[in-house]
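Below, each value reflects all heavy atoms present in this structure, side chains not excepted, and no hydrogens, waters or symmetry copies.
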Amino acid sequence: MTDTSLPDSMSGWLRRIEAMHPAEIELGLDRLHGVATRLAVAHFSVPVITVAGTNGKGSTLRLMTAVAERQGRKVCLYTSPHLHVFNERVRLPEGLASDAQLCAAFAQVEQARAEVPLTYFEFTTLAALWLFKASGADLILLEVGLGGRLDAVNIVEPDVSVVTSVGLDHQDWLGDTREAIAGEKCGIGRPAKPLVFGEMDWPDNLVSLAATLGAIPVFAGRDFHVQGDALFLTGGRQLPLPASVRLGADNLATACQALALAGVECGEADVMAVAELGLFGRCEQQYIDGVSCWFDVGHNLPAVQRFVQQLPPCAGTRHLVFGMMVDKPIDAVIGLFYGMTAQWHLAAPQIPRAAPTARLRTSLPDTAQYQEYASVAAATRAALDAACDEDQVIIFGSFYTVAEARALVQ
């Protein structure tokens, strides 16, 4: 019998899923095992690469997808969060999942879960996996939401596990040292399967973590690396690198190494073809009203440091549209811009965890020029109106800040 109480639209389903569980996050896999078994989504007959990491996940997955598709692979890609519409999270070989496909998947998860309470992320992850199972794909790429060991994505058995980097973020959930956080993120590793670590600076316990898991360690700086204008992979493979890689030579090295371990070889032409690939909200430039605008979703200190290092020189004023979550390192992030000719445009994204502008203001130096706004959209509009030809408008601090700004200008 059809359950006529089920929603018949994406907006209806997403409202229902959001209201289903009292917590936004509840790490742990015990509740998921039965539901995943009923949906038959824990094991795939094609290679699966699961990617965790403090920073670099999205860029690495973007590069892996592009290389694999150049090699003729049919790829499914799961990422989070989205910037504008939920469908961005679930990419099938033919493109983003449609509203109809997602609604059908939500109905399947609803039936399979019975009375098991699921968080928004758990429910939607299971829906994505159900779509991937029937997609005809021959490669599945999965981005971990938070941590790794207890994340819903870790319900799937991967053939290759990737940890792009380990930094201090989400300490309330993952621990307050790099070693503790590495323990959570490396928890996506599996016995006798490759565990790729993409950062040259290893946490002190990285080797022992791989040994405890029984995983095959494949670590940047030892087993693969970038040196000068070449990329060196395991097995003695060497590929030339272009002068610059927009999403980072380190991320490209990790992507190529992980793909090779999953049976997808990256060639010289692939490397050259993907070097100029970009990604929404990752050091992304647009010209808007004749002004150079930069968007970056980085929301922890290492991510914002990397973004600042990538910014080109500015002959005029940098108009900084800034909004960040209250639990992030606001003081340290603002400190990265000391000494610049800058005008701050402070705003709180429309989410309860956003830091109010009064909190952002307290971290500014006494000499800072700033203005507070009721919304990110208002701050962005004011920055664009104030900017001259030689200025830059820089929108940063969180996914939510970038999403609200892009909604104004797209």
Side-chain angles (χ1 to χ4, degrees), residues 2-29 31-32 35-36 38-39 41 57-58 61 76-92 94-135 140-146 151-156 170 173 280-281 297 299 323 325 348-354 375-377 398-408 410:
T2 302
D3 184 350
T4 56
S5 67
L6 293 180
D8 59 2
S9 67
M10 274 290 289
S11 59
W13 267 112
L14 293 176
R15 284 194 300 270
R16 179 187 179 106
I17 296 166
E18 287 168 353
M20 186 177 297
H21 195 284
E24 181 181 356
I25 300 170
E26 183 177 338
L27 295 178
L29 302 180
R31 288 172 297 106
L32 293 178
V35 185
R38 288 190 286 277
L39 289 168
V41 296
K57 298 188 297 294
L61 284 160
C76 282
L77 172 66
Y78 181 59
T79 59
S80 64
H82 58 274
L83 280 178
H84 302 302
V85 294
F86 178 88
N87 312 57
E88 296 168 22
R89 298 179 178 224
V90 184
R91 189 175 184 274
L92 302 170
E94 64 271 20
L96 298 184
S98 68
D99 286 3
Q101 288 172 314
L102 287 165
C103 288
F106 293 153
Q108 290 293 321
V109 176
E110 180 68 8
Q111 180 179 10
R113 79 175 183 91
E115 299 301 316
V116 177
L118 299 174
T119 67
Y120 178 94
F121 184 74
E122 291 167 345
F123 194 106
T124 55
T125 297
L126 290 169
L129 296 174
W130 184 82
L131 285 174
F132 291 173
K133 198 76 174 184
S135 69
I140 310 293
L141 303 178
L142 304 175
E143 179 183 1
V144 165
L146 175 64
D151 187 85
V153 167
N154 203 30
I155 204 77
V156 178
H170 301 293
W173 292 98
F280 284 165
V297 300
H299 49 272
M325 301 301 102
Q350 297 175 5
I351 182 172
R353 289 195 300 117
S375 68
V376 172
S398 81
F399 272 93
Y400 305 101
T401 304
V402 169
E404 291 179 24
R406 283 179 59 94
L408 171 72
Q410 68 177 2

- Message: So, using side-chain contact (heavy atoms from CB on, under 4.5 Å) as the criterion, who are the partners of Ala354 when residues are at least two apart?
- Response: Met325, Ala348, Pro349, Ile351

- Query: In chain order, what residues pass the salt bridge (charged side-chain N to carboxylate O under 4.0 Å, His left out) check against Arg406, with sequence neighbours excluded?
  - Reply: Glu284

- Message: In the structure I gave you, are the side-chain heavy atoms of Glu122 and Val35 within less than 4.5 Å of one another anywhere?
- Response: no

- Is the shortest heavy-atom distance from the side chain of Ile17 to the side chain of Val109 under 4.5 Å? no

- Task: Fit a plane to each ring of Trp13 and Phe106, take the angle between them on a 0 to 90° scale, and name the class: parallel (under 30°), tilted (30 to 60°) or perpendicular (over 60°).
- Result: tilted

- Query: Do you know which two heavy atoms are closest between Leu131 and Ala97, and how far apart they sit?
  - Reply: CD1-CB, 4.1 Å

- Message: Between Leu141 and Tyr78, does the side chain to side chain contact (heavy atoms under 4.5 Å, CB included) criterion hold? Intermediate values first, please.
- Response: CA-CA 6 Å; Leu141 303 178; Tyr78 181 59; over 6 Å; no

- Query: Looking only at heavy atoms, what is the nearest atom pair of Gly12 and Ser9, with distance?
  - Reply: N-OG, 3.1 Å

- Say you draw a straight line from OG of Ser398 to CD of Glu404; how long is it, rounded to the nearest 0.5 Å? 7.5 Å

- Message: Counting C-beta onward and ignoring hydrogens, is there a side-chain heavy-atom pair between Pro81 and Arg89 closer than 4.5 Å?
- Response: yes

- Query: CG of Leu32 to CG of Asn154: how many Å apart, nearest 0.5 Å?
  - Reply: 10.5 Å

- Query: Taking the inter-plane angle between the rings of Phe399 and His299 on a 0 to 90° scale, is it parallel (under 30°), tilted (30 to 60°) or perpendicular (over 60°)?
  - Reply: tilted

- Hey, what do you get for CE (Met10) to CG (Asn87), rounding to the nearest 0.5 Å? 4.5 Å

- How many angstroms lie between CZ in Arg16 and CD in Glu18, if you round to the nearest 0.5 Å? 13.0 Å

- Message: Using 0.5 Å steps for rounding, measure from the CD1 atom of Ile155 to the CG atom of Leu29.
- Response: 5.0 Å

- Side chains of His82 and Leu96: does their closest heavy-atom pair fall under 4.5 Å? no

- Query: Distance-only, no hydrogens or angles: does the Arg31 side chain make a donor-acceptor pair with backbone N or O of Val116 under 3.5 Å?
  - Reply: no

- Is the shortest heavy-atom distance from the side chain of Val297 to the side chain of Leu83 under 4.5 Å? yes

- Query: If only atom types and distance count, is the side chain of Glu88 paired as donor or acceptor with the main-chain N or O of Val85 below 3.5 Å?
  - Reply: yes

- Hey, does Phe121 have a side-chain heavy atom less than 4.5 Å from the side chain of Val153? yes

- Message: What I'd like to find out is whether the side chain of Leu129 reaches to under 4.5 Å of the side chain of Leu142, using heavy atoms alone.
- Response: yes

- Message: Just verifying a value: how many Å separate Ser135 OG and Ile140 CD1, rounded to the nearest 0.5 Å?
- Response: 5.0 Å

- Query: What's the shortest heavy-atom distance between Val376 and Ala405, and which atoms?
  - Reply: CG1-N, 3.8 Å

- Query: Less than 4.5 Å apart, any side-chain heavy atom of Gln101 and any of Leu92?
  - Reply: yes

- Nearest heavy atoms of Phe132 and Arg91, plus distance in Å: CE2-O, 3.7 Å

- Item | Minimal non-hydrogen separation, Thr401 against Gly323, with atom names | OG1-O, 2.8 Å

- Task: Can you establish whether the number of heavy atoms outside Phe280 located under 6.0 Å from its atom CZ is more than 12?
- Result: no

- Exercise: identify the closest heavy-atom pair between Ala377 and Leu408: O-CD2, 3.4 Å

